[in-house]
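In what follows, a structure is listed as structure tokens, so that the remarks can point back to it.
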Amino acid sequence: MSKKPRVALFVTCLVDLFRPSVGFAAVKLLEDAGCEVEVPAAQTCCGQPAFNSGDRATTEALARGVVAAFAGYDHVVVPSGSCGGMLVKHYPELFAHDPAMRARAEELASRCHELVSFLTDVMGVREVDATATVTATYHDSCSGLRELKVKRQPRRLLASVRGLELAEMAAPEVCCGFGGTFCVKYPEVSTKMVADKTADIARTGAALVLAGDLGCLLNIAGRLKRQGSPVQVRHVAEVLAGDLGTPAIGEPAA
């Protein structure tokens, strides 16, 4: 009998603080796929906000801690394209001046995967045991799409969800305007971008919008609520794990 792969879940700050149900959904999906899952207690922020703001000293300190916390696992899985992109693409360049640390960052990057792409591309998952009788649309987050090539994988698994119909937006790959600190630095531009995104969502007729990045989802949900839209917002992992009992993002707790 082959040994189960030992997988560490990188929870992310937004999941930890705003949407723990995504973390629980990720654990369920990974265990259903045959993984032994651990959540290292020493993990911290990946450092992306500091990195995007030019604070390399803080970013390096955080990155060193993350590299140490996730040493020794077969795989590191992240339910976020942006945090996953930080670990995979930006950690190695962050330590370009430190060959020994760069080698450790590259080794971590080689074991790090976005959640849904890990399920499909590494574990070979082709279907999930979930039901959601709803028309949904999917937003491709910038980092997941452009840095980690996540596009077909969520759609493949969503196609196996009983009762779910996927209605594509005209421009699912266009940024929603969140961009981490971008939405704070350029609020007017960000607001126009998310308004364009919610208009695109409305044209699909979908009752549910999904994505793999909680930052994008919080931004989209906020705009939809301010517009009085009934469209619900969820992380794709929640639907794939069969969790429709948790209130949608932006809705009051039951």
Criterion side-chain hydrogen bond (donor to acceptor under 3.5 Å, both in side chains) on Ser80 and Glu114, from CA distance to verdict: CA-CA 6 Å; Ser80 162; Glu114 184 273 338; over 6 Å; no
Glu238/Arg19 under salt bridge (Lys or Arg N to Asp or Glu O under 4.0 Å): CA gap, chis, key distance, verdict: CA-CA 10 Å; Glu238 296 173 305; Arg19 195 71 176 173; 2.9 Å; yes
Check: Asp140 side chain, Leu145 main-chain N or O, donor-acceptor pair, under 3.5 Å: no
Exercise: do Gln227 and Thr198 side chains pair donor with acceptor under 3.5 Å: yes
Side-chain (Thr204) to main-chain (Ala206) donor-acceptor, under 3.5 angstrom: yes
Sequence-distant partners of Glu107, salt bridge (Lys or Arg N to Asp or Glu O under 4.0 Å), two or more places apart: Arg111
Reported CG-to-CD distance for the pair Leu62 and Gln43, which is rounded to 0.5 angstrom: 12.5 Å
Expected output: side-chain Asp200 to main-chain Arg203 donor-acceptor under 3.5 Å: no
Lys192, NZ: over 12 other non-hydrogen atoms inside 6.0 angstrom: no
Test log, rule side-chain hydrogen bond (donor to acceptor under 3.5 Å, both in side chains), inputs Tyr73 and Glu38: CA-CA 9 Å; Tyr73 293 95; Glu38 297 181 32; 3.2 Å; yes
Passing option when Val37 is tested against Leu30, Val77, Leu29 for side chain to side chain contact (heavy atoms under 4.5 Å, CB included): Leu30
Test item: side-chain donor near acceptor, Asp213 and Ser82, under 3.5 Å: yes
Pairwise distance CG(Asp16) to OG1(Thr44) - rounded to 0.5 angstrom: 11.0 Å
Flag, side chain of Arg234 to backbone of Thr246, donor-acceptor distance under 3.5 Å: yes
Ser117 and Gln153: side chain donor to acceptor below 3.5 Å: no
His90 versus Glu147, side-chain donor and acceptor atoms under 3.5 Å: yes
Atom NZ of Lys151: over 12 foreign heavy atoms under 6.0 Å: yes
Side-chain (Asn219) to main-chain (Cys176) donor-acceptor, under 3.5 angstrom: yes
Listed partners of Arg156 passing salt bridge (Lys or Arg N to Asp or Glu O under 4.0 Å), at least two apart: none
Whether over 12 other heavy atoms sit under 6.0 Å from Phe182 CZ: yes
